[in-house]
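Following: one structure in structure tokens, then a few remarks.
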There are 2 protein chains.
Amino acid sequence: MSRNDASELAQQLALRMADHLRRSGIAIGAHLAEQQFADELKVSRTPVRRALAVLAEMGVVVQEPNRGYFLRKLPPASVRPALVDGAGLAEERYLQIADDRLAGKLEEHVTETALMRRYGMPRRELQRVLHRMEKEGWIERKPGHGWMFVQMPDSLEAHAQSYRFRMLFEPASLLEPGFRLVKSELERVRRDQQMLLDGGLMRLSRARLFELGSDFHNTVIGFSNNRFMIDAIHRVNAMRRLLEYRAKFDRERITDQCREHLHLLELLEQGSRQEAAEFLRRHLDVVRERKTGMDKDKAVSTPRSTVTAQL
Amino acid sequence: MSRNDASELAQQLALRMADHLRRSGIAIGAHLAEQQFADELKVSRTPVRRALAVLAEMGVVVQEPNRGYFLRKLPPASVRPALVDGAGLAEERYLQIADDRLAGKLEEHVTETALMRRYGMPRRELQRVLHRMEKEGWIERKPGHGWMFVQMPDSLEAHAQSYRFRMLFEPASLLEPGFRLVKSELERVRRDQQMLLDGGLMRLSRARLFELGSDFHNTVIGFSNNRFMIDAIHRVNAMRRLLEYRAKFDRERITDQCREHLHLLELLEQGSRQEAAEFLRRHLDVVRERKTGMDKDKAVSTPRSTVTAQL
DNA sequence: TATTGCATTTTGTGTGTTCAAGATACACAA
DNA sequence: TTGTGTATCTTGAACACACAAAATGCAATA
């Protein structure tokens, strides 16, 4: 997997840049300006430059003295960009901890050092993982020492809850007064979904499929320009990712989903937002029912108490 | 302001315990078991013990040798417990940074050390503040060095957005299948609201009024047992706190709100959830309109683009 | 038996230093 | 004039140690 002397950040950037190149239909031979990437990726030119060196070694780009880098060929689909949530080496541990917790192998109350020992990772790295989990809302710092996992209903009920929540605000987001469709982003997700239908569905990894699905919803809700709804969809997706990590899933059924996604984009493009909203609501309802096999107004099971200590 | 030789945590706990004693209608002379507080506050007995020592010095409790602490009198209302979000010394800096940012005194891109210098706080403390802001969704780590404030619409539009969001899920939360009313909590917020009507409204600080309002909604939505909705209301409240920090506000109008809150509790107690949901929707709509002076489907202003870099 | 009082263990923060690498400034080439 | 190449400055993570205080275990007491 190419040289290892580039920094971790540079490696990540290389993957993201590769993904960008592949998805944005840029022409072979085009000049790739360093500063432009730097601005888009919110970093300085230094790591961009290193990332380009990595891509050069892969043969994706070529460097010409004093003229910079040029695209030589589109990067192979094998490069795995962490699309939804930036991640690198810690990602594996993150999933491992999540998995252990969901499988009941970790107590509700844990201390940092115990986790350090158990997963053999340095404090700083662990803390980053914990902060991310905290941000995603499934672990909390205790006032004194240690951390505490948030009480979660079982996977099925959690799914049901998330879809009931999504059915409330996702359709409504299309009707927000600030709604503005961004053509380039719409085209990007349209290409993604089309690619899935054209066989990508069978070819891509499960994680990748999930990411593309999340990205679709993130992008569409993003058009609403309502910060609260945008936050909400990101949060739901982060949680869903963990839940779906173990759930069964059915490649065939995703075909329908892609078709529906494409149809939704069409409705939006025609400006039929009202209709699109209604369609999205039904779309979510169908997915919800398939995943939980449940009536909308029935609880899946008696939920454990999730009341936060209020004292 | 009592001695200062207790740890910061103990100080915080003392405030929270005082608040708990005042609000939970406990009898004078009652025995206060250390372990019970420790469990509720999610800490060990050690800091609880120190907190009790602080309260003893205030004359709120008395210690009897080998028998423990006993309540002597209810703590004065002057003790300010950070009810909504635990905080201590860092709280001040947190608000200061928020204020500076909203006032445009801080650039969009900032580095940790620049902030350390500017606000004269140690790295660790600053990082905790930054992580909290990140959790609340208004700042993000850049991939390389530094942090980046999230683009926010102006205060008025943000308010409008938040209320449109709340009108979607708050009423719906009352209709969740997992909805379970917790009597003791309902009584607690009822007492709070009643206390406000009985003059507390004019007596209490602005921050305190805000906290009691937030707590009301948090508690009611909490009955839904839907984790996503509970997260959402916490998030909205965190953001609203910052926005309202500078906005004008009208003590008189809160009287109506309290009455409506009490009415909502009655409806819930009668089990009229459907009716309660509809009432809550109207309640939010009224508050929304008063705060933004806007029609529901109109944008307050052309919102700035808040599209997150997707590359 | 439950709870306090106290001693002991463990945890996580603060401090200072070092260093890889990200940010930045500037000269030079196209 | 724009963008690359390169040197320099700055940042923030890693490491090690000391210490305050939080967690824990146990004897004493109501």
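Letters A, B, ... mirror the listed sequences (proteins, then strands); counts begin at 1.
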Test for a donor-acceptor pair under 3.5 Å between the base of D/dA21 and the side chain of B/Thr46, counting only N and O atoms. no

Measure from the side chain of A/Glu112, starting at C-beta and using heavy atoms only, and say which of C/dG12, C/dA30, C/dG5 lies closest. C/dG12

Whole angstrom value for the distance that separates P of D/dA23 from CD of B/Gln35: 11 Å

Between A/Glu140 and A/Trp147, a side-chain donor and acceptor under 3.5 Å: no

How many whole angstroms separate atom CG of A/Leu126 from atom P of D/dA13? 15 Å

Can you check whether B/Thr113 has a side-chain N or O nearer than 4.0 Å to OP1 or OP2 of D/dG12? yes

Rounded to whole Å, CD of B/Glu64 lies from C1' of D/dT29 at a distance of 14 Å

Could you tell me whether the phosphate oxygens of C/dG12, OP1 or OP2, come under 4.0 Å of any side-chain nitrogen or oxygen in A/Arg123? yes

Starting the side chain at C-beta, find the nucleotide from C/dT4, C/dG12, D/dG12 nearest to B/His31. C/dT4

Rounded to whole Å, please give me the gap between CZ in A/Arg117 and P in C/dG12. 9 Å

With respect to the phosphate group of C/dG22, does any side-chain polar atom (N or O) of A/Ser44 fall under 4.0 Å of OP1 or OP2? no

Whole angstrom is fine here: how far is it from CD in B/Glu8 over to P in C/dT13? 12 Å

When the nearest nucleotide of DNA chain C is assigned to B/Pro143 and to B/Ala33 on a heavy-atom basis, which residue is associated with the more 5' position? B/Ala33

What is the distance, to the nearest angstrom, from the CD atom on A/Gln127 to the C1' atom on D/dG12? 14 Å

Please report, rounded to the nearest Å, how far the C1' atom of D/dG25 is from the CZ atom of B/Arg45. 10 Å

Please report the shortest heavy-atom distance between B/Leu115 and B/Leu106, naming the atom on each side. CD2-CD2, 4.3 Å

On a heavy-atom basis, the closest approach of A/Asp19 and A/Arg208 is OD1-NH2, 3.1 Å

In whole angstroms, the gap separating P of C/dG12 from CD of A/Glu125 amounts to 17 Å

Describe, as an angle rounded to 10 degrees, how the axis at the first end of the helix from C/dT1-D/dA30 to C/dA30-D/dT1 is tilted relative to the axis at the last end, five pairs per end. 60°

Among the nucleotides C/dG12, D/dA14, C/dT24, which one has an atom lying closest to any side-chain atom of A/Arg128? D/dA14

Below 4.0 angstrom from OP1 or OP2 of D/dG5, is there any side-chain N or O of A/Arg49? yes

How long is the gap from CZ on B/Arg188 to NE2 on B/His20, to the nearest 0.5 Å? 8.5 Å

Euclidean distance, B/Arg132 CZ relative to B/Ile139 CD1, rounded to 0.5 Å: 13.0 Å

Taking the six-membered ring for Trp, are B/Tyr94 and B/Trp138 parallel (under 30°), tilted (30 to 60°) or perpendicular (over 60°)? perpendicular

Specify the residue among B/Ala114 and A/Arg67 whose closest nucleotide of DNA chain D lies further upstream toward the 5′ end. A/Arg67

Look at the rings of B/His131 and A/His131 and say which category their plane angle falls in: under 30° parallel, 30 to 60° tilted, over 60° perpendicular. parallel

Check whether any side-chain N or O of B/Gln63 sits under 4.0 Å from OP1 or OP2 of C/dG5, and answer yes or no. yes

Of B/Tyr69 and A/Arg141, whose closest DNA chain C nucleotide lies nearer the 5' terminus? B/Tyr69

Test item: side-chain donor near acceptor, A/Gln96 and A/Asp100, under 3.5 Å: no

